[in-house]
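Not measured: the values here are computed from a predicted model. Quick note on labels: first sequence line is chain A, next is B, and so on, each numbered from 1.
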Number of protein chains: 2
Amino acid sequence: MALTLEDIARLSGVSRSTVSRVINANSNVKEETRQKVLKVIQNKNFQPNLAARGLAAGRTNIIGLVIPAGVAFIFTDPYFPLLIQGVSEACNAHDHSVMLWLAEPEYERRTISQILHNGLVDGVILSSALMDDPIVKSLHESKMPFILIGRHPTLEVNYIDVDNIRASREATHHLIRQSRKRIATITGPHNQIASYDRYQGYLKALNDRNLPLLSELVLEGDWTEAGGYAAMNRLIPYKPDAVFAANDVMAAGAISAIHEAQLRIPEDVAVVGFDDTPNASRTQPPLTTMRQPIQSMGALAVETLIDIIDHPGSDSRSILVATELVIRESCGALISKPEGGDESKNPVDYQIPPVNQLHQSVGNPADENPNILRRRVKNA
Amino acid sequence: MALTLEDIARLSGVSRSTVSRVINANSNVKEETRQKVLKVIQNKNFQPNLAARGLAAGRTNIIGLVIPAGVAFIFTDPYFPLLIQGVSEACNAHDHSVMLWLAEPEYERRTISQILHNGLVDGVILSSALMDDPIVKSLHESKMPFILIGRHPTLEVNYIDVDNIRASREATHHLIRQSRKRIATITGPHNQIASYDRYQGYLKALNDRNLPLLSELVLEGDWTEAGGYAAMNRLIPYKPDAVFAANDVMAAGAISAIHEAQLRIPEDVAVVGFDDTPNASRTQPPLTTMRQPIQSMGALAVETLIDIIDHPGSDSRSILVATELVIRESCGALISKPEGGDESKNPVDYQIPPVNQLHQSVGNPADENPNILRRRVKNA
DNA sequence: TATAATAATGGGAGCGCTCCCAATAAACTT
DNA sequence: AAGTTTATTGGGAGCGCTCCCATTATTATA
């Protein structure tokens with residue numbers, strides 16, 4: 001049915017090997033020959049069989065994207081669609097394909113080993129949120145190249161993340177600077193790393209300014225709008241004057257609850273979210289939120305993973321991507337007079353040291369993208 | 001690195017072929033032998049190499065899922081996440097994997113042929129919205145098994161869809177029954193099939209009851225909330241007393257616009273959406289909408305595609321999945337007295353014949369799922 | 001018990017590619 | 001011009017599996 005290398009070879013009067021060289025951009029081909037072969041390939045719309053290539057070369061140019069499904073918020077939170085989009089685009093750009101696994105909540109051994117050993121995937125991007133995820137351990141023990149979206153609390157693995165602690169510390173500071181005294185927070189599930197980190201940032205910010213932690217103002221959400229709504233309803237009796245929600249979707253839920261309680265935003269309660277998902281600017285009032293470049297992180301994960309695949313045994317990578325506080329109306333900064341100078345341009349008026357102390361920076365900081373801090377640590 | 005069939009064979013004292021038989025559930029193996037081999041496989045956590053299997057057998061158990069990206073609403077509309085989820089789950093259940101392509105808006109030849117000829121994919125699920133999509137034509141001309149999510153206007157291809165015309169006819173009728181006289185509609189982009197069909201249903205409903213089509217009450221949206229909002233703002237000067245939005249996300253946008261115009265829902269303007277996405281019940285007031293089982297459609301697509309792959313040359317399948325009008329507050333049916341009997345239970349008080357007249361029903365209607373009408377047509 | 005069926009197993013060929021090495025062609029040296 | 005070096009090219013082997021056919025073990029039948 002489909003053409004083979006041999007067919008193309010015959011049609012262009014060269015050997016199988018030469019065609020292979022042309023396809024793989026091997027330099028040892030005379031320009032004239034290359035053109036001749038290329039024309040036939042173009043002409044016949046030839047695609048090399050990836051299964052055969054995978055078998056022979058041990059490399060398929062397929063990247064596995066593993067996302068823990070079962071979490072309800074996959075449906076309502078644009079996080080995963082954006083991530084998938086970023087990954088997919090980058091794969092296209094780098095001539096790779098993406099294999100998608102929405103893994104069951106409790107990965108069975110079978111699923112994991114299927115992902116690891118099917119011989120089809122060159123590497124894996126894992127968007128694992130959990131503190132203690134069996135698949136991370138399996139991957140870590142295997143020799144399959146992989147990268148996490150989101151740092152891991154204990155294992156030294158390749159990852160790409162935002163500095164959640166620093167970012168939410170900054171977000172909370174922003175609320176403190178608006179003279180808010182009773183700042184509540186709606187966290188994500190406690191067994192998730194990002195969620196934990198964002199809570200830590202909140203704690204640090206309070207601590208930075210010697211504000212007491214009021215435990216009645218801390219509530220665990222589940223990333224969903226309904227969860228944010230429910231949490232805010234339980235928070236309101238304790239009269240918070242601000243709330244930091246660990247993602248935008250919960251912030252939207254909180255906003256509904258605040259409205260229903262006949263309170264004004266931001267006058268009575270200021271709200272800050274996290275993510276800057278597309279709908280953040282469409283809440284009433286528009287949501288102040290910590291932007292993280294989800295799509296870029298997906299793309300960066302692909303590029304880094306490909307690099308890891310190309311350079312096995314290299315140092316493990318920790319990549320932190322910059323966040324940015326996007327100030328809209330919901331936090332009150334635009335209506336009340338600011339304390340200091342042009343804070344809206346640089347809302348951070350202090351220096352927070354890099355948080356991820358696990359790793360020592362020995363970096364190769366020279367990077368085309370100044371937003372990205374790359375660091376390498378200990379040889380794997 | 002990874003184990004091979006040969007390794008398992010050696011370890012269990014049989015031949016490569018026998019192990020292969022065990023793995024592929026071939027019946028010609030003595031039960032005792034099967035158990036022995038199975039134990040070793042289990043024990044070593046063996047996974048056959050899919051690339052090799054693909055090469056040798058010409059079948060990989062990989063299904064391609066192609067989604068036109070670039071459309072902005074991928075981010076904000078839960079449609080695609082739900083579809084992906086449905087497809088992925090069904091693939092897991094049937095021991096298949098899914099390869100994801102978010103195709104660029106204008107598929108380049110290269111992309112298409114990459115999808116078709118990479119030799120990795122047994123079949124393709126295509127969620128193509130466009131009236132005239134080059135990739136559909138390519139697939140139709142190729143011998144790659146594929147199924148469309150959403151019918152095709154001209155080509156006779158395998159597809160699974162809801163009866164959009166009938167469903168929106170029913171939704172519009174529901175508004176008419178609430179004594180609405182100036183029913184507006186916000187459609188999707190005109191070059192998309194589902195969008196076209198839903199508009200046709202709207203037209204038919206008006207026609208059914210001899211209501212005039214007021215062209216100033218018809219506006220094209222782009223499936224997004226912002227689009228729905230903008231459209232509604234332009235609609236309001238013409239004083240509609242109801243609006244049928246072609247999806248829930250646009251309905252949500254319309255609701256915002258209506259609120260801002262200080263109009264009441266449903267008293268001044270009734271709103272009906274389409275999809276019943278998770279957030280439909282969270283609008284203010286909760287949205288009446290036509291539910292389509294997106295996730296099930298994804299799963300059904302997988303199952304049908306596998307069946308098509310297993311039975312090449314069989315008749316082409318047209319599967320229509322039932323929709324259901326979910327009545328909440330936004331349409332006014334729950335506050336004004338109903339015209340007739342228990343309409344909320346069966347809001348359709350007339351018989352609309354099946355719309356898809358292209359195909360003659362010769363069906364194998366006996367199906368475990370009564371919601372699904374299967375029909376087969378003309379041998380391919 | 002011999003013989004014909006049938007059940008169970010083993011091994012070769014080959015899927016379409018890459019990799020390696022040998023063979024040939026072209027370009028330099030002296 | 002002969003000898004080297006270097007740039008191209010061709011072909012064999014083999015990746016790990018399935019498929020087919022030959023072989024052997026087992027059972028049924030005469």
Side-chain angles (χ1 to χ4, degrees), chain A residues 1-38 40-41 44 46-62 95 97 114 116-122 309-310, chain B residues 1-38 40-41 44 46-62 95 97 114 116-122 309-310:
Chain A
M1 40 195 270
L3 291 175
T4 74
L5 267 197
E6 211 87 44
D7 296 324
I8 302 298
R10 194 165 352 92
L11 289 169
S12 42
V14 298
S15 77
R16 176 169 42 91
S17 304
T18 300
V19 178
S20 173
R21 286 188 193 97
V22 170
I23 287 178
N24 295 293
N26 185 312
S27 57
N28 295 337
V29 181
K30 203 200 294 176
E31 185 55 29
E32 184 194 329
T33 317
R34 173 192 309 286
Q35 291 305 335
K36 190 172 54 179
V37 174
L38 234 34
V40 177
I41 290 177
K44 295 289 175 185
F46 171 75
Q47 281 293 127
N49 180 307
L50 287 189
R53 173 187 292 200
L55 225 208
R59 172 150 186 188
T60 55
N61 281 13
I62 297 176
D95 205 29
S97 301
Q114 190 177 306
L116 289 180
H117 302 305
N118 66 15
L120 263 190
V121 151
D122 290 341
I309 294 167
D310 287 340
Chain B
M1 40 195 274
L3 292 175
T4 73
L5 266 197
E6 211 88 44
D7 296 324
I8 301 298
R10 193 162 359 89
L11 288 170
S12 43
V14 297
S15 77
R16 177 170 39 90
S17 303
T18 300
V19 178
S20 174
R21 286 188 193 99
V22 170
I23 287 178
N24 295 293
N26 185 311
S27 58
N28 295 339
V29 182
K30 204 200 294 177
E31 186 54 30
E32 183 193 329
T33 316
R34 172 191 310 285
Q35 291 304 334
K36 191 172 55 180
V37 174
L38 234 34
V40 177
I41 290 177
K44 295 289 175 186
F46 171 76
Q47 282 291 127
N49 181 308
L50 288 189
R53 173 186 293 200
L55 226 207
R59 170 149 187 190
T60 55
N61 281 14
I62 298 175
D95 205 30
S97 300
Q114 192 177 306
L116 289 181
H117 302 305
N118 65 16
L120 264 190
V121 151
D122 291 340
I309 294 166
D310 287 339

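- Rounded to whole Å, the distance from CG on Asn28(B) to P on dT23(D) is 19 Å.
- Residue Lys36(B) qualifies as enclosed at atom NZ: its count of foreign heavy atoms under 6.0 Å is above 12.
- In the set dT18(D), dC17(D), dC17(C), the nucleotide with an atom closest to the side chain of Asn49(B) is dC17(D).
- With rounding to whole Å, Ile23(A) atom CD1 is found 13 Å from dC19(C) atom P.
- At whole-Å resolution of the value, CG in Asp7(B) and P in dG16(D) are 8 Å apart.
- For the OP1/OP2 pair of dT18(C) and a distance below 4.0 Å, the side-chain nitrogens and oxygens of Asn24(A) include at least one atom meeting the criterion.
- Between the NZ atom of Lys30(A) and the P atom of dA27(C) there is a distance of 8 Å, given to the nearest Å.
- Between Glu31(A) atom CD and dA7(D) atom C1' the separation is 14 Å, expressed in whole Å.
- In this structure, of dT9(C), dT9(D), dC17(C), it is dT9(D) that holds the atom nearest to the side chain of Thr33(A).
- In terms of heavy atoms, Lys44(A) sits closest to Leu3(A) at CB-CD1, 3.4 Å.
- Per the geometry, CZ belonging to Arg53(B) stands 18 Å off P belonging to dG16(C), to the nearest Å.
- Counting all heavy atoms, side chain and backbone alike, Asn61(A) lies closest to Asp122(A) at N-OD2, 2.6 Å.
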Between protein and nucleotides 10-15 of chain D, what N or O pairs are separated by less than 3.5 Å?
from	atom 1	to	atom 2	distance (Å)
dG10(D)	OP2	Ser15(A)	N	2.6
dG10(D)	OP2	Ser15(A)	OG	3.0
dG10(D)	OP2	Thr18(A)	OG1	3.0
dG10(D)	O6	Arg21(A)	NH2	2.6
dG11(D)	N7	Ser17(A)	OG	2.7
dG11(D)	O6	Ser17(A)	OG	2.4
dG12(D)	N7	Arg16(A)	NH2	3.1
dG12(D)	O6	Arg16(A)	NH1	2.9
dA13(D)	N6	Arg16(A)	NH1	3.3
dC15(D)	O2	Ala56(A)	N	3.4

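- Each of Ile23(A), Asn28(A), Val22(A) was evaluated against Asn26(A); a single residue qualifies, Asn28(A), per the side-chain contact (heavy atoms from CB on, under 4.5 Å) test.
- You'll find the side chain of Leu120(A) reaches within 4.5 Å of the side chain of Leu120(B), heavy atoms only.
- Using a 4.5 Å cut-off on side-chain heavy atoms (C-beta onward), Val19(A) and Val14(A) make contact.
- Atoms CD (Glu32(B)) and P (dA8(C)) sit 11 Å apart, rounded to a whole Å.
- A straight line from CD of Glu6(A) to P of dT18(C) spans 12 Å, rounded to a whole angstrom.
- Within 6.0 Å of CD on Glu32(A) lie no more than 12 heavy atoms contributed by other residues, nucleotides or ligands.
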